[in-house]
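Heads up: the structure comes next, in structure tokens.
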Amino acid sequence: MTAVVGGGAAGIAAAKALVEAGLPVLGVERAASLGGLWRLDDDTASYEGLRLNTSKPRTEFSDFPMPAEWPDYPTRAQMLEYLRSYADRFGVGEHFRFGTTLESARRIGGRTGDGWELELTGPGGPYRETVEHLVVANGHNHEPLLPEPPYPGTFTGTASHAHDYVTPADLAGRRVLVVGTGNSAMDIAAELADHASAVLLSARRGVWVLPKRLLGRPSDQLNGALAALLPWRVRQVVSQAVLRVADRKPAGPRLPAPRRGVLQDHPTLSDSVPRLIAEGRVLARQGIARLDGSRVHFADGRVDEVDHIVWCTGYRAVTPFLDAATAPDPASMLLYRHVFPIGDDTISYVGLMQSTGSALPVVEAQGRLVAAVRAGTHRLPDPGTARRIAAAELDAARDRWGQRRPHMRIDVDQYLRVMDRELRASPSRALAGRRILVTGAAGTFGRAMSARFTALGARVVGLDIARPGDSDIPIIACDITSQESVDAAVTEAAALLGGIDLLVNNAGRGGPAPAELAPGEEVEAQLRLNLLGAWRVTATVMPHLVRTRGRVVFVASRMAVLPLPLAAAYGVSKRALAAYADALRLEVGTHVGVTTVYPSMVRSPIHDSTRQAGLSLDAVSRPEPVEGVVDAIVRAVTARRAPRDVATTVRGRVEMMVGRHAPSLADRLVRRTVAARVAAGDFANAPLAAGMVSRHRS
């Protein structure tokens with residue numbers, strides 16, 4: 001059993017990763033619900049006007065996009081909704097005990113490796129549990145940090161910490177001094193400008209106040225784009241140059257100029273504070289020199305009367321349930337990848353860091369690392385190697401950020417790249433917990449896909465016209481050309497899986513059907529199955545996919561973009577299927593990822609009827625292995641964002657490009673191939689090709 005302490009973003013991400021790895025989880029949360037600091041409660045640091053300071057694409061979890069209609073920087077209420085929806089989607093909440101406080105966690109026998117004894121207080125009173133591993137994800141925004149040592153003198157007004165701030169109405173009509181230059185200080189000062197009789201903002205040091213948008217995009221996306229290409233020192237030069245060019249702050253007073261580079265401190269975002277300072281509605285002040293009754297003396301000699309001070313001076317990282325030997329100072333521990341104490345894999349920390357960007361992608365990666373270690377699919381390096389790696393990262397952090405909490409500092413883009421490489425090096429269960437429905441599950445592609453999905457941790461149910469006796473997954477007999485059959489089968493599949501996250505439309509039918517001949521039963525059968533059947537199943541499954549923010553994959557064909565003669569029904573149906581996918585994407589793409597995959601020819605029974613008619617494609621299209629097609633589909637469904645169109649080979653990408661952007665050239669290449677086959681007599685015994693053969697010979 002693994003215990004996860006904390007029901008905020010870090011605890012939710014850790015529990016989700018552990019659940020997906022098939023590991024038993026005990027979540028402990030002292031509040032009545034999940035959400036952490038985004039809950040508006042007495043024990044959180046949240047306030048009514050709180051908003052994200054990182055944009056949606058840079059914040060969201062990799063497998064759960066935020067709604068497209070939300071603003072670039074969502075509100076506190078939206079973030080709370082997002083985290084709870086994420087927890088519901090992955091079944092995290094059922095593993096948590098709410099209203100439960102971890103009073104203490106002690107090693108069993110006092111030795112590393114023997115597990116932990118937890119003393120808990122729940123709704124029914126105190127009790128104990130034993131677990132093998134402890135995940136500390138309690139956050140570090142609980143215990144307010146006040147200036148140390150305190151400023152000289154005595155203040156006779158009232159004071160509070162940002163932790164206690166909820167709405168500006170509480171300080172209406174008062175002269176308020178906001179101390180600090182972080183995001184909370186900026187938000188609170190801006191909110192108070194319309195309520196307090198005067199607002200002063202004390203900045204002990206200069207700070208970069210970034211606009212929320214640069215060059216028409218959220219400002220954090222500029223640095224994110226550069227991070228993939230440049231080291232941070234070069235990125236800093238580029239970012240500062242862009243800021244100078246884009247600086248349109250109004251003339252007037254400003255906060256002190258920063259002494260360090262823009263990427264050497266936690267980012268502070270505000271569009272309103274620089275304008276309010278320039279307008280005189282927020283008064284910029286230097287650091288406090290001393291307090292004198294109701295007056296505050298500042299470092300430049302200025303003195304102001306103040307009624308109330310709001311200390312926006314941060315928080316102290318604490319783990320009150322751990323003894324000093326385990327965590328003497330959580331903010332100063334040397335941790336491997338900011339997660340594991342050196343030489344100890346019985347305890348881990350998720351979210352104990354200060355990131356240059358959003359915490360959500362970071363805690364997601366940290367949760368995956370913990371789950372991989374707990375599941376035995378990833379092995380931590382030996383203590384000596386782990387210590388060298390952690391010490392090198394600490395040295396780099398000190399070089400960049402100085403002595404301001406260097407043990408906790410991470411560059412989000414660099415960290416995620418490192419974690420991605422580390423986790424890729426171990427066996428993957430990239431689809432762990434995903435609930436997948438596959439049509440045509442008894443066929444060549446269906447069997448191969450289902451086996452791979454299952455190996456990657458997914459739960460798979462198939463649909464097919466008949467239920468085979470040798471299938472490794474449950475297959476529901478279903479005629480996808482019948483709406484009644486589809487309705488019943490999808491209902492049964494959703495009940496078996498407990499919901500549907502991914503639909504793979506793989507069912508298909510091929511066969512000879514020249515375009516010059518009137519459509520017969522074969523043409524109608526291919527259109528009913530390849531197009532209308534996929535449409536019917538997709539429409540029936542769609543409510544499940546919208547609810548789970550899922551994905552749908554259509555297995556089309558290279559013939560959808562590079563048509564071949566004598567197989568018109570197949571090419572037309574697959575091209576129509578791709579067009580349907582494009583239309584569907586425009587309708588549901590805000591909530592459901594839509595991908596079309598274009599395999600070439602794979603040796604399978606679907607080509608038997610074509611061969612029997614003397615119209616084999618063997619000399620026209622180069623066969624590819626079925627595993628390559630499955631690889632492409634897995635890459636598509638595990639990508640952070642659903643790709644639009646996926647070719648399964650390099651040759652396929654070239655053929656698709658030619659077919660779409662140089663159709664006349666594609667036609668000439670196909671005609672040349674067909675002429676060569678006619679000249680070689682390949683269609684001599686094919687009645688369906690007689691017309692084409694005679695025209696080529698005349």
Side-chain angles (χ1 to χ4, degrees), residues 57 62-63 65 68 430-431 436 438-440 445-446 448-449 452-453 501-508 510 526 530-535 537-539 541-542 545 549-564 567 570-602 606 617 621-667 669-670:
S62 63
D63 53 1
L431 293 174
I436 303 178
V438 177
T439 67
F445 279 170
M449 274 190 289
R452 182 75 67 84
F453 292 159
D501 307 313
L502 171 64
L503 167 65
V504 181
N505 277 302
N506 166 68
Q526 290 188 44
N530 297 350
L531 172 61
L532 299 181
W535 190 328
V537 174
T538 302
V541 173
M542 190 52 61
L545 299 180
R549 304 286 174 134
R551 297 190 185 186
V552 55
V553 174
F554 296 93
V555 181
S557 166
R558 205 75 46 78
M559 290 174 63
V561 290
L562 192 68
L564 298 176
Y570 188 74
V572 167
S573 64
K574 290 298 187 178
R575 179 172 289 193
L577 181 67
Y580 168 66
D582 293 342
L584 183 71
R585 186 180 299 106
L586 296 175
E587 294 180 18
V588 304
T590 55
H591 289 66
V592 178
V594 181
T595 298
T596 307
V597 179
Y598 298 86
S600 183
M601 189 186 80
V602 173
I606 198 172
L617 298 175
S621 183
R622 181 180 300 173
E624 62 178 294
V626 66
E627 286 303 314
V629 178
V630 176
D631 287 344
I633 293 171
V634 168
R635 287 196 300 272
V637 300
T638 56
R640 180 178 174 83
R641 291 186 178 277
R644 187 180 192 276
D645 297 300
V646 175
T648 55
T649 63
V650 174
R651 178 189 176 95
R653 285 195 291 272
V654 174
E655 290 177 347
M656 287 176 62
M657 181 181 67
V658 172
R660 285 178 169 168
H661 302 294
S664 296
L665 173 60
D667 289 349
L669 293 173
V670 173

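Worth saying up front: this structure is predicted, and the values here are computed from it rather than measured.
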CA sep, side-chain torsions, deciding dist, call: V438, F453, side chain to side chain contact (heavy atoms under 4.5 Å, CB included): CA-CA 10 Å; V438 177; F453 292 159; 4.1 Å; yes
Backbone N/O of P65 and side chain of R641: donor-acceptor pair under 3.5 Å: no
Test item: K574 side-chain N/O and V555 main-chain N/O as donor-acceptor pair under 3.5 Å: yes
Over all atoms of both residues, closest heavy-atom pair of S573 and N530: OG-ND2, 3.0 Å
Nearest heavy atoms of G510 and Q526, plus distance in Å: C-NE2, 3.6 Å
Distance-minimising heavy-atom pair for G440 and A507: N-CB, 3.6 Å
Intermediate values then yes/no, side chain to side chain contact (heavy atoms under 4.5 Å, CB included), N506 and V553: CA-CA 8 Å; N506 166 68; V553 174; over 6 Å; no
Under the side chain to side chain contact (heavy atoms under 4.5 Å, CB included) test, residues paired with V588 that sit two or more places apart: M542, L584, V592, V594
Minimum heavy-atom distance T590-A68, with the two atoms named: CG2-CB, 3.7 Å
Side-chain (T595) to main-chain (P643) donor-acceptor, under 3.5 angstrom: yes
Heavy-atom closest pair, residues A636 and V646: CB-CG2, 4.2 Å
Side-chain (T596) to main-chain (A578) donor-acceptor, under 3.5 angstrom: no
M656 side, atom CE; L562 side, atom CG - distance, nearest 0.5 Å: 10.5 Å
Spacing of L577 atom CG and T538 atom OG1 [to the nearest 0.5 Å]: 8.0 Å
Results of salt bridge (charged side-chain N to carboxylate O under 4.0 Å, His left out) for R558 - residues two or more places apart only: E624, E655
Test log, rule side chain to side chain contact (heavy atoms under 4.5 Å, CB included), inputs V552 and V541: CA-CA 9 Å; V552 55; V541 173; over 6 Å; no
Reported OG1-to-CZ distance for the pair T439 and F445, which is rounded to 0.5 angstrom: 12.0 Å
Heavy-atom closest contact (Y570 atom, A556 atom, distance): OH-O, 4.3 Å
With sequence neighbours excluded, residues passing side chain to side chain contact (heavy atoms under 4.5 Å, CB included) with R635: D631, A632
R549/D63 ion pair, N-O < 4.0 Å: no
H591 side, atom NE2; R551 side, atom CZ - distance, nearest 0.5 Å: 15.0 Å
